[in-house]
There are 2 protein chains.
Amino acid sequence: MTLRDVAKLAGVAPITASRAINTPDQVSAEVLRKVQEAVVRTGYVPNRMAGGLASSRSRLIAAVTPSTVMSVFMGTIEALNGTLFDAGYQLMLGQTSYSAEREEALLEAIIGRRPDGIFLTGLLPPGKSRTLLMASGIPVVESWDLTPTPIDMLIGFSHSDIGREVARYLASKGHRKMAVVRASDERAEQRARAFSEEVLQLGLTPVVEVNVGSSRSITSGRDALTQLLDACPDVEVVFCSSDLLALGVLTQARVLNIDVPGRLAIMGFGDTPLASDMVPALSSVRINGEEIGQLAARCLMDRAEGREVLRPMVDVGFSVIERDSA
Amino acid sequence: MTLRDVAKLAGVAPITASRAINTPDQVSAEVLRKVQEAVVRTGYVPNRMAGGLASSRSRLIAAVTPSTVMSVFMGTIEALNGTLFDAGYQLMLGQTSYSAEREEALLEAIIGRRPDGIFLTGLLPPGKSRTLLMASGIPVVESWDLTPTPIDMLIGFSHSDIGREVARYLASKGHRKMAVVRASDERAEQRARAFSEEVLQLGLTPVVEVNVGSSRSITSGRDALTQLLDACPDVEVVFCSSDLLALGVLTQARVLNIDVPGRLAIMGFGDTPLASDMVPALSSVRINGEEIGQLAARCLMDRAEGREVLRPMVDVGFSVIERDSA
DNA sequence: TTGAAAGCGCTAACAA
DNA sequence: TTGTTAGCGCTTTCAA
């Protein structure tokens, strides 16, 4: 079933059928009716590959994320996808699985599809992929971080600010011996560094840090607390790089009969649905991931449709959420 | 940058350049070298829309899921995506957000892209979408359930079998007053129904059921337990329709100082990473979601590439995982 | 408001 | 092994 078949059935030229389908107000009521009828009768579904090739507009947006299972980014991706779909776009999803090599192959595959825009979770460091992307001329949104030198557009927040603010918050609660439990990703490291620096600035005990590597499970959190207590038995508060890790620390604290927040306070990151439902409820840092997704969708569509992008760099900020655990 | 530019630079015909890129062993070493050099020098990335249009093979697979955040399906989608990507395919992701209306629009949009295959989480009930899909001739895999009348291929397991087996398992542990806490989705209902029937068969107290509606959070689980204890204070075990709900029930039990599994046993579903890390560790029903994704990828690619599909209907089964909570 | 012609960038089919 | 020709299904441009 092609446009020609529909046109023939409706007794018009293919281009007229195309207009009836895509820009119905450019066509007489009579023609519109006949074409619509023909579409229904034939079950015609336009071939968007052909349309995209002819118009150089694919109505496809690609999104790149490190992982999808239990990932903090999924709220963003879901919002992005929802906003795009309502406007007639579709989402292609790529996973890097935290591998730079894979990311490069992925970006080349994505560029090959000629999407109207690309959404990246995180920043793209200088390298072959970045060069390729910039050369392609495809609108890009980087996200979940800030930098003075984005590829194109940017919607994020400052991880250093978070580290500092959490340090001040915990200090204000009277904690003096602070620790960090974190995964080995760059943004977590950035938060941890700023956190440690601020703690020193405040004249408190230097921060003890446990790096759980690339596994970001509850178990890692449990193991990390054990390790931490070995190194520093009188630690008073742990700032975790994700709610999942915090949940692990919390779980292990319960197993060891350590009172939370009485003897040990715990702070998460991400404010996932898990956090508020824990007992004790987990204090965390809230990021409005949905907002990032929605804004990114708007930016990319504005670019794709030739409109000026009003705010190509947005800091969506964050908020420290005080609950029972810290 | 098009293939023509590359060909010109390499001093060959476009089709020869195409061969050098796509089927390098059909081309002399000399030509291969020249074309590769031209590709590097121009930064050429083939336009897959054009290639897809010409060859009627898009190398695109579409996947449809109800939701992505904290969803049990994401392991499947991740495995699907990984397997496909390694074979040169890409994934388009669509979300129905549990809306039939949206699902229909989504499927039409998907068909418009002429993907080489479509993966559905769940079964597609008879209706306009199903008709459209069957008419399109695109290979389809339905999943996470069984039916004698799939659209095309099917990779799943029996929810009724699960309900029955869990009932027998819990009965074997000496429980007599059983309850179900479930979300209002069809598969959860199927498990609950079979569970209740089997409990009656075994001559035990009829099952009390709490339906938490469409919200599938930890909070729903907590509320559900409160509700359940109101209705039936001496309940001995709760079979939940997801690990997340089970975690909620577990949390609330702790708040109410109810011993688990001593006074109340809890059984989850999905065996997500959460389950094994809880304290007490959550007994659950394990589904090999990754296997479903991998098998589906194989089936769809086999079909797309004209190979015979050896096993178009697969029951991947399940296993009851005994841990501390039940 | 409608249509004819040309072409988007690539590959299938055939020929040399 | 390489090239020529034709066309995938649609939209752009221009003309009526």
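Every chain is numbered from 1, with letters handed out A, B, ... down the list of sequences. Just so it is clear, the values below take in all heavy atoms, side chains as well, and ignore hydrogens, waters and symmetry mates.
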Legend entry - Length of the line joining A:Leu53:CG and C:dT11:P, which is rounded to integer Å: 12 Å
Inset, instruction - Please determine, by modelled atom types, if B:Gln90 and A:Arg113 share a side-chain donor-acceptor pair under 3.5 angstrom. - result: yes
Inset, instruction - Go through C:dC10, C:dA12, D:dT11 for me and flag the one nearest to the A:Ser55 side chain. - result: D:dT11
Inset, instruction - Could you state the atom-to-atom distance from CZ of B:Arg57 to P of C:dG9 in whole Å? - result: 22 Å
Legend entry - Residue-phosphate contact under 4.0 Å: B:Thr16 side-chain N/O, D:dG3 OP1/OP2: yes
Legend entry - Side-chain N or O of A:Asn22 closer than 4.0 Å to phosphate OP1/OP2 of D:dT11: yes
Legend entry - Closest nucleotide among D:dG9, C:dT2, C:dC10 to the B:Tyr44 side chain: C:dC10
Legend entry - Among C:dT11, D:dC10, D:dT2, the nucleotide that comes nearest once only the side chain of B:Ile15 is considered: C:dT11
Legend entry - Distance-only side-chain donor-acceptor flag, B:Thr147 / B:Thr149, under 3.5 Å: yes
Inset, instruction - Please determine, for the side chain of B:Ala13, which listed nucleotide (D:dC10, D:dT12, D:dT4) has the closest atom? - result: D:dT4
Inset, instruction - Measure from the side chain of B:Ala50, starting at C-beta and using heavy atoms only, and say which of C:dC8, C:dT11, C:dG9 lies closest. - result: C:dG9
Inset, instruction - Check the surroundings of atom CZ in B:Arg4: do more than 12 heavy atoms from other residues, nucleotides or ligands lie under 6.0 Å from it? - result: no
Inset, instruction - Please report, rounded to the nearest Å, how far the P atom of D:dG9 is from the CD1 atom of A:Ile21. - result: 15 Å
Legend entry - Length of the line joining A:Asp5:CG and D:dG9:C1', which is rounded to integer Å: 11 Å
Inset, instruction - Please determine if A:Arg41 and A:Asp5 form a salt bridge, counting it only when a charged side-chain N lies under 4.0 Å from a carboxylate O. - result: no
Legend entry - D:dC10 OP1/OP2 closer than 4.0 Å to side-chain N/O of A:Ser18: no
Inset, instruction - Would you indicate what A:Ser56 reaches in the nucleic acid, counting non-hydrogen atoms under 4.0 angstrom: base, sugar-phosphate, or nothing? - result: nothing
Inset, instruction - Mind checking A:Pro14 for me? I need base, sugar-phosphate or nothing, with any heavy atom below 4.0 Å counting as a touch. - result: nothing
Legend entry - Value in whole Å for how far the P atom of D:dT11 lies from CE of A:Met49: 14 Å
Inset, instruction - Mark yes when over 12 heavy atoms from residues, nucleotides or ligands other than B:Arg114 sit less than 6.0 Å from its CZ; otherwise mark no. - result: yes
Inset, instruction - Find which nucleotide of DNA chain D each of B:Val27 and B:Arg114 is nearest to by heavy atoms, and output the residue with the more 5' nucleotide. - result: B:Val27
Inset, instruction - Rounded off to whole Å, could you give me the CG-to-C1' distance for the B:Leu3 and C:dT11 pair? - result: 10 Å
Legend entry - Whole-Å distance separating the CG atom of B:Asp116 from the P atom of D:dC8: 19 Å
Inset, instruction - Whole angstrom is fine here: how far is it from CG in B:Asn47 over to P in C:dG9? - result: 7 Å
Legend entry - D:dG3 base / B:Arg19 side chain donor-acceptor hit below 3.5 Å: yes
Legend entry - Any A:Met153 side-chain heavy atom under 4.5 Å of A:Val314 side chain: no
Inset, instruction - Counting heavy atoms from C-beta on, name the nucleotide in C:dT1, D:dC10, C:dG3 closest to the side chain of A:Ala54. - result: D:dC10
Inset, instruction - Just call it for B:Thr2: base, sugar-phosphate, or nothing, with non-hydrogen atoms closer than 4.0 Å on any strand. - result: sugar-phosphate
